[in-house]
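Inspection log for the structure reproduced underneath, given as structure tokens.
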Amino acid sequence: MDVGVVLQCDPPAMQTVELAKQAEAAGFSHVWTFDSHVLWQEPFVIYSKILADTERVIVGPMVTNPGTRDWTVTASLFATLNEMYGNRTVCGIGRGDSAVRVLGSRPTTLAELRECVQVIRELGNGREVHLRDRDLRFAWAPDSRLEVWVAAYGPKALALTGEVGDGYILQLADPDIAAWMIKAVRDAAEKAGRDPAAIKFCVAAPAYVGDDLEHQREQTRWFGGMVGNHIADIVERYGSDGAVPTALTDYIKGRKGYDYAEHGRAGNPHTDFVPDEIIDRFCVLGPVEQHLQRLNELKELGVDQFAVYLQHDAKESTLRAYGEQIIPALS
């Protein structure tokens with residue numbers, strides 16, 4: 001199992017680059033970042049510096065969306081980085097959350113997401129696409145290679161992932177829910193005539209190595225609020241009668257609102273509705289042994305990568321613990 005890291009693009013940008021360098025030195029395979037250009041700095045600028053200062057890690061957004069950039073611009077960004085640094089990018093993408101909501105917009109439709117995935121992937125792999133009555137291709141990028149991994153929770157989004165995604169991103173680390181979601185993606189892939197084994201599976205969640213569980217919970221409670229935004233959309237669309245596991249729909253009943261100014265931050269005051277049980281299920285907390293137990297459970301389900309959300313007050317010590325003890329044990 002690969003282990004990646006997910007960073008926010010908080011200023012100063014060079015601090016993000018430094019954490020990426022530490023992650024590579026510790027054995028992490030991927031460096032992901034949030035992509036929400038009003039709340040944080042522009043990630044693609046930072047990717048270029050990360051790639052210049054490292055040799056091996058793959059970079060990409062967790063996740064971008066179809067709404068904040070023209071799709072051809074997004075594809076060109078990836079293809080340019082690939083030409084400069086040797087095909088070390090991956091595109092994580094979803095319908096959009098903070099990046100569009102802070103602009104007063106809503107997440108895009110699944111139909112738009114489907115078309116966007118195909119456009120970015122084809123252009124990012126040097127192939128031709130037909131878009132807006134035009135045949136387009138990056139003649140300057142014949143050797144670019146790009147995978148597109150789709151983030152999803154709802155049944156139709158999971159089906160879309162199985163039909164068109166190179167990978168699937170699940171942003172929570174509960175093995176029971178992961179098993180349910182992975183099966184839905186695999187079933188959709190098989191129904192579409194694709195090889196389910198060809199899809200890569202990434203589970204992403206906050207991980208905090210330490211012994212003070214109460215403090216760790218308070219540092220990662222924000223994550224339940226972030227996931228709750230997506231689940232609230234699903235409940236609005238499908239109701240709460242089994243479209244997704246009840247463990248997801250039940251806990252958001254106490255949700256009263258959300259302030260995107262605190263999105264993805266430890267101490268977010270709008271996540272009081274998230275119970276400790278959900279934090280323990282969604283995140284990976286505690287000493288090294290508990291991390292290894294959870295990650296091995298996910299590995300048994302077919303998860304190819306665990307991506308550590310590093311938004312808490314023990315970033316460097318958690319990186320070290322993963323590098324020295326957890327990543328070697330997973331090899």
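The residues of the chain are indexed from 1 along the displayed sequence.
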query: Are there more than 12 heavy atoms of other residues, nucleotides or ligands under 6.0 Å from atom NZ of K315?
result: yes
task: Report whether Y85 and V45 are members of the same hydrophobic cluster (ILVMFWY, side-chain heavy atoms less than 4.5 Å apart, transitive linking).
output: no
- request: Kindly state each residue pair satisfying ring-ring contact (aromatic ring centres under 6.0 Å, His included) with at least one member in residues 43-70, sequence neighbours excluded.
  value: F44-Y47, F44-F78
statement: One should read off an interatomic distance between Q311 CD and D10 CG, to the nearest 0.5 angstrom, of 8.5 Å
message: Testing the basics here: between D211 and P287, what is the closest heavy-atom pair and its distance to 0.1 Å?
response: OD1-CB, 3.8 Å
Y309 ring center near F34 ring center (under 6.0 Å): yes
query: Quick check: are there more than 12 heavy atoms from other residues, nucleotides or ligands sitting under 6.0 Å from CD of E300?
result: no
Min side-chain heavy-atom separation L248-L172 under 4.5 Å: yes
- prompt: Any idea how H215 and Y208 line up, ring-wise: parallel (<30°), tilted (30 to 60°), or perpendicular (>60°)?
  reply: perpendicular
- line: Correct closest heavy-atom pair for M62 and A307 would be CE-CB, 4.1 Å
field: Shared hydrophobic cluster for M84 and V57 (ILVMFWY, side-chain gaps under 4.5 Å)
entry: yes
query: For I199 and T161, which heavy atoms make the closest approach, and how far apart are they?
result: CD1-O, 4.4 Å
message: Donor-acceptor check, side chain of R121 to backbone of A75, threshold 3.5 angstrom: yes or no?
response: no
query: Only one of R127, R145, R137 clears salt bridge (Lys or Arg N to Asp or Glu O under 4.0 Å) with E122; which?
result: R127
query: Quick check: are there more than 12 heavy atoms from other residues, nucleotides or ligands sitting under 6.0 Å from CD of E316?
result: no
- line: Here the gap from Q305 atom CD to L295 atom CG, rounded to the nearest 0.5 Å, amounts to 11.0 Å
Pair K200 + D166: basic N to acidic O under 4.0 Å: no
query: Around atom CD of E83, are there more than 12 heavy atoms of other residues, nucleotides or ligands at under 6.0 Å?
result: no
message: Looking at R56, I'd like to know if its CZ atom is crowded, meaning that more than 12 non-hydrogen atoms belonging to other residues, nucleotides or ligands lie closer than 6.0 Å.
response: yes
- request: Look at the side chain of S144 and the backbone N and O of G124, then say whether any donor-acceptor pair between them is shorter than 3.5 Å.
  value: yes
message: I'd like to check R95 versus N65 (side-chain heavy atoms, cut-off strictly below 4.5 Å). Are they in contact?
response: no
Side-chain donor or acceptor of Q325 paired with backbone N/O of V288 under 3.5 Å: no
task: Decide, yes or no, whether a salt bridge links D70 with R132 under the criterion of side-chain N to carboxylate O below 4.0 Å.
output: yes
- prompt: If only atom types and distance count, is the side chain of R294 paired as donor or acceptor with the main-chain N or O of C283 below 3.5 Å?
  reply: yes
field: Beyond-backbone contact of D276 with I279, side-chain heavy atoms, under 4.5 angstrom
entry: yes
query: Below 4.5 Å, heavy atoms only, C-beta onward: do L136 and H130 meet side chain to side chain?
result: no
query: Can you find a heavy atom in the side chain of V6 that is under 4.5 Å from one in the side chain of L310?
result: no
- prompt: Do W40 and P11 come within less than 4.5 Å of each other through their side chains, counting heavy atoms only?
  reply: no
task: Run the salt-bridge test on D272 and R221 with the 4.0 Å N-O cut-off and return the result as yes or no.
output: no
statement: Rounded to the nearest 0.5 angstrom, the CG-CG distance for D280 and L213 is 5.5 Å
field: Intermediate values then yes/no, side-chain contact (heavy atoms from CB on, under 4.5 Å), Q118 and V164
entry: CA-CA 8 Å; Q118 294 168 331; V164 303; 3.8 Å; yes
Minimal non-hydrogen separation, E163 against R194, with atom names: O-CD, 3.1 Å
message: I'd like to know if K191 and D187 make a salt bridge, using a cut-off of under 4.0 Å between side-chain N and carboxylate O.
response: no
task: Evaluate whether atom CD of E190 has more than 12 neighbouring non-hydrogen atoms of other residues, nucleotides or ligands under 6.0 angstrom away.
output: no
query: Are I58 and S29 side-chain neighbours, meaning at least one heavy-atom pair lies under 4.5 Å?
result: no
message: Please give me the minimum heavy-atom distance between H312 and T318, naming the atom from each residue.
response: CE1-OG1, 3.5 Å
query: Should Y322 and V209 be marked as a side-chain contact (heavy atoms from CB on, under 4.5 Å) after you check the CA-CA gap, both sets of side-chain angles, and the distance that decides it?
result: CA-CA 8 Å; Y322 265 76; V209 179; 3.8 Å; yes
message: Between W149 and I93, is the side-chain contact (heavy atoms from CB on, under 4.5 Å) condition met? List the steps.
response: CA-CA 6 Å; W149 297 12; I93 193 168; over 6 Å; no
Carboxylate-amine/guanidinium proximity below 4.0 Å for K21 and E24: no
message: If we ignore hydrogens and angles and just use 3.5 Å, is the side chain of H291 paired with the main-chain N or O of A207 as donor and acceptor?
response: no
Euclidean distance, L146 CG relative to R88 CZ, rounded to 0.5 Å: 14.5 Å
message: A side-chain contact here means heavy atoms from C-beta on lying under 4.5 Å apart; do V5 and H30 qualify?
response: no
message: Tell me if a side-chain donor or acceptor on N87 pairs with a main-chain N or O of D143 at a distance below 3.5 Å.
response: yes
query: Any side-chain donor-acceptor pair under 3.5 Å between T109 and E112?
result: yes
query: Is a side-chain N or O of Y168 found less than 3.5 angstrom from the main chain of V203, in a donor-acceptor match?
result: no
task: Say whether I231 and V100 are linked into one hydrophobic cluster, either directly or through other cluster members, by side-chain heavy-atom distances under 4.5 angstrom.
output: no
query: Under 4.5 Å between side-chain heavy atoms, hopping through other hydrophobics if needed: is there a path connecting W32 to F201?
result: yes
side-chain contact (heavy atoms from CB on, under 4.5 Å) partner of R114, chosen from V150, T108, L160, V119: L160
message: Given 3.5 Å as the limit, does a donor-acceptor pair link the side chain of S105 with the main chain of R101, or not?
response: no
query: Are D35 and R69 ion-paired here, with the side-chain N under 4.0 Å from a carboxylate O?
result: yes
message: For M14 and E18: C-alpha separation, side-chain torsions, deciding distance, then whether side-chain contact (heavy atoms from CB on, under 4.5 Å) applies.
response: CA-CA 6 Å; M14 288 305 298; E18 181 58 33; over 6 Å; no
field: Minimum heavy-atom distance between L298 and P175, given as atom pair plus value
entry: CD2-CA, 4.1 Å
Spacing of OG1 belonging to T89 relative to CG belonging to L51, to within rounding of 0.5 Å: 8.0 Å
